[in-house]
Amino acid sequence: MAQASEKYVLRLADNILILGQRLGEWCGHGPVLEQDIALTNIALDLIGQSRMLYQYAAEIRNDGSTEDDLAMKRDVFDYYNCLLVEQPNGDWGKTIVRQFFFDTYHYYLQEFLVNSSDQRLSEIARKSFKEVAYHAQYSAEWVIRLGDGTEESHQRVQSSVNDLWTFTGELFTPDELDREMQEQGIGPDLDVIAANWNKKVNEILEIATLQIPEETFMQSGGKQGEHGEYLGFILAELQFMQRAYPDMKW
Amino acid sequence: MSKEEILNMEARFERYVAEENKVEPKDWMPEKYRKTLIRQISQHAHSEVVGMLPEANWISRAPSLRRKVALLAKVQDEAGHGLYLYSAAETLGADRQQLVEDLLSGKAKYSSIFNYPTPTWADMGAIGWLVDGAAIANQVMLCRTSYGPYARAMVKICKEESFHQRQGYEIMMALAAGTPAQKKMAQDALNRWWWPSLMMFGPTDDHSPNSAQSMKWRIKRKSNDELRQEFIDKTVPQAEFIGLSIPDPDLKWNAERGHYDFGEINWDEFYNVIAGNGKCNRERLAARNKAHDEGKWVREAANAYAEKQRVRQQKQTSAA
Ligand SMILES: [Fe+2]
Ligand SMILES: [Fe+2]
């Protein structure tokens, strides 16, 4: 039976843990209580999903590692999240645009993974699909609200779209591991995901009266462990307790 | 209404609540009853919201993913409590926006306990165990308060608070059963949170002038000192069970009273923190103000969009 490589599972897990960690920064600081709760909900879903994936990765590793070992004891170069999710929250609009770009990708990815030839990945995707679909709907609605809201919100959110566009290419650029997973029916054809994503993003941005940025240079490297400067600080907080008090039970 | 008629109504109202009837939003109530409730419920709501901050401080640093998820969910529950309570205050004719403004300007109060800092992970245990624990003692009483919407909000909230309290105690238990470093962290947190938790019940009965009226109206049903004693009696054995010591040399079981005797509370500290001199008073209000100010454009955008949608729909219906 097909089984994903540990690294591939870690990629999936790292993406949503890091994004969940970022969203968690909003908790208690949102623009209005209702949206504070909504964003925390998404953070909860994502971190919850990441735990299932880390548990699976730990099983594949099969050396007694736990979900926390994987999350808390790898340094930056062994983290495989895409660059998009480690970008700072910025204002609420930037958080929403980052979320919308990721959620839309995540939605089509999960849609594939539900039928992955890796049974565990398929089960995890089945469990998370409803949540992911809800996230995609929520962030798309907010992109529309902000894009078609006031002049100020329109400008703010357009500039976030422009800023973050450069990190979207990486999501769809396959490397050797992506191709290998695709060949085994474990992972999707990223060209198909890209086509779906572009269609959806175009559609929503148009409703939101926002412009798709011109051809932009696309950053890459996150999923191979080549990160910018933000991730180190995220890990410094995420891993503080496990580093300062190693090998203890909490 | 003449003065006499009002006095008559008030007497009837007092009888009505004394007979354990619930007051509902549309019922007649004395103006002072309404004001007292708005003040109490909104302070309670503000406390839930400001209370998110000391715990949110540890979300990014929780020691395990399981703890991280539990903490996130807990802080989110507190936001939900804030919402229920603002709604309950609105049933009395208060305006949520105005209530929030009063918090932000420093005019309205919130529970002073949240002006204490959370420097270590063990504070997440101590807050859940002691602060949520003290809140429960008060809130269980409020489940039977005379104002219906407040009582019903409390029933919902109490269920979640007891969950928080167990979760906090469980964090402390894990620490207390851990390495010397962990145990030290737990004891340190207990040392810092014990006395402020006792202060949460408010001044002693002889210094609590408004209590009598609130008891008469069945808003409150137990005095500050009664609730404090209940909390102490319940919590001391819990500390003993996990091998932590309560930082009070005068604490001892009094068989005659059937209660624990305890030492003098430092009321100077209590009033000092209320006066704004706690370690984190400034940070807490500043954080709420920052969130509010930076959220302004978002709220405006949402309103503008809703208005545009309303107009669009109107056009559609009138065209059809
Ligand atoms: Fe609460
Ligand atoms: Fe609570």
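Side chains are part of it too, since the values below use all heavy atoms of this structure and drop only hydrogens, waters and symmetry mates. By convention in this document, chain letters (A, B, ...) are assigned in the order of the sequence lines, proteins followed by strands, and residues within each chain are numbered from 1.
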Exercise. Are A/Asp148 and B/Arg312 close enough for a salt bridge, meaning some N to O gap below 4.0 Å?
Worked result: yes

Exercise. Salt bridge check: are A/Glu152 and B/Arg299 linked by an N-O gap of less than 4.0 Å?
Worked result: no

Problem set entry | Chi angles and distances behind the side-chain contact (heavy atoms from CB on, under 4.5 Å) call for B/Tyr305, A/Leu146 | CA-CA 8 Å; B/Tyr305 179 76; A/Leu146 297 177; over 6 Å; no

Contacting moiety of [X], where chain B heavy atoms sit under 4.5 Å:
X: A/Glu25; result: neither
X: A/Ile144; result: both
X: A/Arg156; result: side chain
X: A/Trp26; result: neither

Just wondering, do [Y] and [X] contact through their side chains at under 4.5 Å, heavy atoms?
X: B/Leu65; Y: A/Met72; answer: yes
X: A/Trp250; Y: B/Ile171; answer: no
X: A/Asp36; Y: B/Met52; answer: yes
X: A/His29; Y: B/Leu53; answer: yes

Problem set entry | Side chain, backbone, both or neither of B/Arg61 within contact of chain A (heavy atoms, under 4.5 Å) | both

Seminar exercise, completed: Cut-off 4.5 Å, heavy atoms of chain A, and the answer for B/Arg96 is side chain

Problem set entry | B/Gln182 side-chain N/O to A/Lys249 backbone N/O, donor-acceptor pair under 3.5 Å | yes

What heavy-atom pair brings [X] and [Y] nearest, and what distance separates the two atoms?
X: A/Pro31; Y: B/Gly295; value: CB-CA, 3.4 Å
X: B/Tyr86; Y: A/Leu33; value: CE1-CD2, 4.1 Å
X: A/Thr150; Y: B/Ala304; value: CG2-CB, 3.7 Å
X: A/Cys27; Y: B/Ala56; value: O-CB, 3.4 Å
X: A/Leu44; Y: B/Val69; value: CD2-O, 3.3 Å

Exercise. In terms of side-chain heavy atoms, does A/Gln21 have a donor or acceptor partner in B/Lys68 at a distance below 3.5 Å?
Worked result: yes

For this session: Taking atom types as modelled, find out whether B/Ser60 and A/Glu237 have a side-chain donor-acceptor pair closer than 3.5 angstrom.
Result: yes

To the closest 0.5 Å, what do you measure between [atom1] ([X]) and [atom2] ([Y])?
X: B/Ser64; Y: A/Arg51; atom1: OG; atom2: CZ; result: 7.0 Å
X: B/Met185; Y: A/Tyr245; atom1: CE; atom2: OH; result: 3.5 Å
X: A/Phe240; Y: B/Trp121; atom1: CZ; atom2: CH2; result: 12.0 Å
X: A/Ile37; Y: B/Glu78; atom1: CD1; atom2: CD; result: 10.5 Å

Problem set entry | Residue, of B/Asp293, B/Leu72, B/Leu175, B/Val49, that accumulates the most heavy atom pairs under 4.5 Å with chain A | B/Leu72

Seminar exercise, completed: With chain B, the option among A/Ile234, A/Asp68, A/Val32 that has the most non-hydrogen atom pairs under 4.5 Å is A/Asp68

